[in-house]
Participant: 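Following this message is one structure expressed as C-alpha cells.
First listed ligand is number 1; within each ligand, the first listed atom is number 1. What you are looking at is a predicted structure, and each value in this text was computed from that prediction instead of being measured. The residues of the chain are indexed from 1 along the displayed sequence.
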Amino acid sequence: MPYRAPVADYKFIFEHIVGLNQVAATEKFAEASADVTDAILTEAGRMCEEVLAPLNRNGDLYPAKVENGVVRTSKGFDGGFRAIAEGGWVGISADPEYGGMGLPIAMTTALNDMMSASCMALGLNPLLTQGQIEALEHHASDEIKAMYLPKLISGEWTGTMNLTEPQAGSDVGALRSKAEPKGDGTYAVSGQKIFISWGDHDFGGNVCHLVLARLPDGAEGTRGISLFMVPKYIPNADGSLGEANSLRVVSLEHKMGIHGSPTAVMEFDGATGWLVGAEHKGMAAMFTMMNNARLAVGAQGIGISEGAYQHALAYALDRKQGPTPVGDKSGTIVDHADVRRMLLTMKADTFAARSIGLACAVAIDMGNATGDAEWKARAAFLTPIAKSFGTDTGIRVSEMGVQVHGGMGFIEETGAAQYSRDVRVTSIYEGTNGIQAMDLVARKMMDGGEAAYRFLDEIEADVENARALCPELGDAVWEACETLRETTEWLVAQDDLNNRFAGAVPYQAGFARVLGGYYHLKAALAANGKGARAKLARFYITRLLPEHASLLEQAMQGASGLYSMSLEELSA
Ligand SMILES: Cc1cc2nc3c(=O)[nH]c(=O)nc-3n(C[C@H](O)[C@H](O)[C@H](O)COP(=O)(O)OP(=O)(O)OC[C@H]3O[C@@H](n4cnc5c(N)ncnc54)[C@H](O)[C@@H]3O)c2cc1C
C-alpha cells in the first residue's frame, strides 16, 4: 500500500486552524509565503512517497548491525539519507547564514510527520541532527558553529544526543560521565552512554555527538552538568576528517521496533571534546535540543498514525467479510459499523494530534520571530502536550490499524504491525510521557497557571463566537473548556506537588482532548459546517471529546489513594 503525503491536510491546518499566515507576516519568516510552503510540502511529500516509503520494510527486516566495530545500516538507507540531505531537508529551519533555508519550525514539523510515516527509523537520523543544529545555533562558540553547522545542515555530517547512562535515564542528573580539561581548550570525555540513536552509521562523513558529562568541579545533580561536542573524527582546520576520536560503538540494541535505527551503547574513553555553552550549564543547552526533539517526536507519532490509517483504510476497502448492513449488503468490511468507528477514530484523532503539533510549532515560530514572552510561554506549555498526545495517538491509532486488519494485522507482511511496533518507543524516549505530564503540571504552571488560563481564555472567546454558528458542537466544546478550567484551578491550588503528579497524565490527555475538540470545531466552521471536515468534527466532538470528563475527573483524585495499598498488598 503506497503512502500518500497528506499535503492538503497541512495546508488546511496552516490556513484555517493554526494561522501560519501570522508567522509569514513576521520579518524573520517573510519568505514563508503560502506559495513557498505549498511548493516545499509538495516536494518533501514526493520524496517521502517515492524514496523513503519503499525503504520502510527493509529497515524492519534487515536491522542495522555491528560488524567488526563498524555499523552497517539497512539496505537502501544510505541512498535514502542522501536524498534527504540533497533535498536540503535536514536544514529547512536552520540559519541561512550557515546554509539552512530559515523556514518556520512548522514546516520542519510537517516534514518530520511525513518522514516518520514513510520510514520512521531513517527519519530519526535527520530529526536528531535538526535538534543538534538548533542547540549549536543557540549555545556554541563561533568556531564550533563555523566548523559544524554547514556540514550538519547539508547532511554531510550527522548529529546525536548522548544523555542516557545505565543508572541515569529519566534522572539525567545521576550521570557519571566525566570531562577533564586538557589545558588546550579541549576536554577529555569519558563514560558509557546507552540507547544512543544513530550513534554510528556507514553513510560517510562525521558523526557529531553532543555529550553530557561532569567537569571535576561540577556539582552533583543536573546543575553540575556540562555539554560537549565530541565528534567521531576530529576535524582538521579545513573541515576535512582527521584522526579517529577515542570513542566506539560497543553494541547495538535488539529492539521491538525501528530496527533500521542503530541504537548504540557508546564508550567514550578520554575522547576529545569541545565545550558547548558555559561550564555547568549543559542542561540548559541540551534543553534546546530536547525541546526541538520533543515536538519532532510528537510528529513521529502523528506520521505513524497517518501511515497506519492509510493502510487500514485500503485494507477495509478491499476485504469482504459477511453481508454488510448498508447498501446491497455486498460491501467490504468498511461498511461494518465497528470498522467505520475505528477508521473515523483514527482519522479524527490524527487530525487533532496534527493540529496540536502544528499549533505548538507556530507558537515556537512566533516566539522566535517576535521574542514575545506570551508566545514563548504558549510554546513551552504546548510542547509536553504535543509530544504526548502525538505519540499516544500514534500508539492508539496504529494498534487500531492492526485491529482493522483482523488476523492479517498480526501477520507482518501487511505492515500494520510494524507501525505499532515502531511507534511504541515514542512515548518513552525524549522524556517519557509521564515526565512530560509532570513538567506540564509543575514547571509549566509555576506561573500560577497563567499560561494555561490565557490559552483557555482565547479558546473560550473563539468558541463563544462559534456557538452561534454551530450551537450543538460549540456548546459541547464550551462545556469541556469549563471543566478543563475547573480542573486547572484545582491543580494549581495543590501545594503538595505529588497531588498534581498523581493526576498529571490524565490532565495532559484531557487537555489534549479538549484542544482536539476546539481544533475540530474550527475546521467545521472553516468548512461552513458542511462536507467531510464538518462530519469528522461532529464525530470527534460527539464521540471522542466526552472522554475528557473522565480524564479530568481522574486528574483531581490526588496522590493519597495511589499509596493506599502497601507494597505487600501490591505484591500479594
Ligand atoms: C529506542 C530508543 C532510543 C533512544 N535514543 C536515545 C538517544 O538518542 N539519546 C539518549 O540520550 N537517550 C536515548 N534513549 C533513552 C530514553 O530517552 C530513555 O529510555 C528514557 O528517557 C527513559 O529512561 P529509562 O529508560 O532509564 O527509564 P526510567 O527512567 O527508569 O523510567 C521507568 C519508568 O519510571 C517512570 N519514572 C522515572 N522517573 C520518574 C519520576 N521522577 N516520576 C515519575 N515517574 C518516573 C518513567 O516514566 C517510566 O515509566 C532511547 C531509548 C530507546 C528505547
Participant: Looking only at heavy atoms, is any part of Val425 under 4.0 Å from ligand 1, and if so is it the side chain, the backbone, or both, or is it neither?
Facilitator: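 The side chain, only.
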Participant: Can you see whether Gln300 engages Asp422 through a side-chain donor-acceptor pair at a distance of less than 3.5 angstrom?
Facilitator: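 Note: Gln300 and Asp422 side chains miss the donor-acceptor criterion.
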Participant: Backbone, side chain, both or neither: what part of Leu128 comes under 4.0 angstrom of ligand 1, heavy atoms only?
Facilitator: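 For Leu128, there is no contact with ligand 1 at all, from either part.
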Participant: Among side-chain atoms of Asn162 and Thr160, is any donor-acceptor pair under 3.5 angstrom?
Facilitator: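 Side chains of Asn162 and Thr160: pair found under 3.5 Å.
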Participant: Below the 3.5 angstrom mark, is there an N/O of Asp171, backbone or side chain, next to an N/O of ligand 1?
Facilitator: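 It does not: no N or O of Asp171 is found under 3.5 Å from an N or O of ligand 1.
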Participant: Can you tell me if Ile428 contacts ligand 1 (heavy atom of the residue under 4.0 Å from the ligand)?
Facilitator: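 Heavy atoms of Ile428 do come under 4.0 Å of ligand 1.
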Participant: Heavy-atom contacts under 4.0 Å between Met438 and ligand 1: side chain, backbone, both, or neither?
Facilitator: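 Side chain only; the backbone of Met438 stays clear of ligand 1.
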Participant: Ignoring angles and geometry beyond distance, decide whether Thr432 reaches within less than 3.5 Å of ligand 1 through its nitrogen or oxygen atoms.
Facilitator: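 It does: an N or O of Thr432 is found under 3.5 Å from an N or O of ligand 1.
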Participant: Strictly by modelled atom types, are Ser74 and His259 linked by a side-chain donor-acceptor pair under 3.5 Å?
Facilitator: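 Judged by distance alone, the side chains do not pair up.
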Participant: With distance as the sole criterion, is a donor-acceptor pair present between the side chains of Lys387 and Thr426 under 3.5 Å?
Facilitator: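 Their side chains do not contain a donor-acceptor pair, so the 3.5 Å distance test is not met.
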Participant: So that I can tick it off, tell me whether Arg421 and Glu412 are bridged by a salt bridge, with the cut-off set at under 4.0 angstrom between side-chain N and carboxylate O.
Facilitator: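 Here Glu412 pairs with Arg421 in a salt bridge, since their nearest N and O are under 4.0 Å apart.
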Participant: Taking non-hydrogen atoms only, is Lys255 closer than 4.0 angstrom to ligand 1 via side chain, backbone, both or neither?
Facilitator: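 Lys255 to ligand 1: side-chain contact only, backbone stays beyond 4.0 Å.
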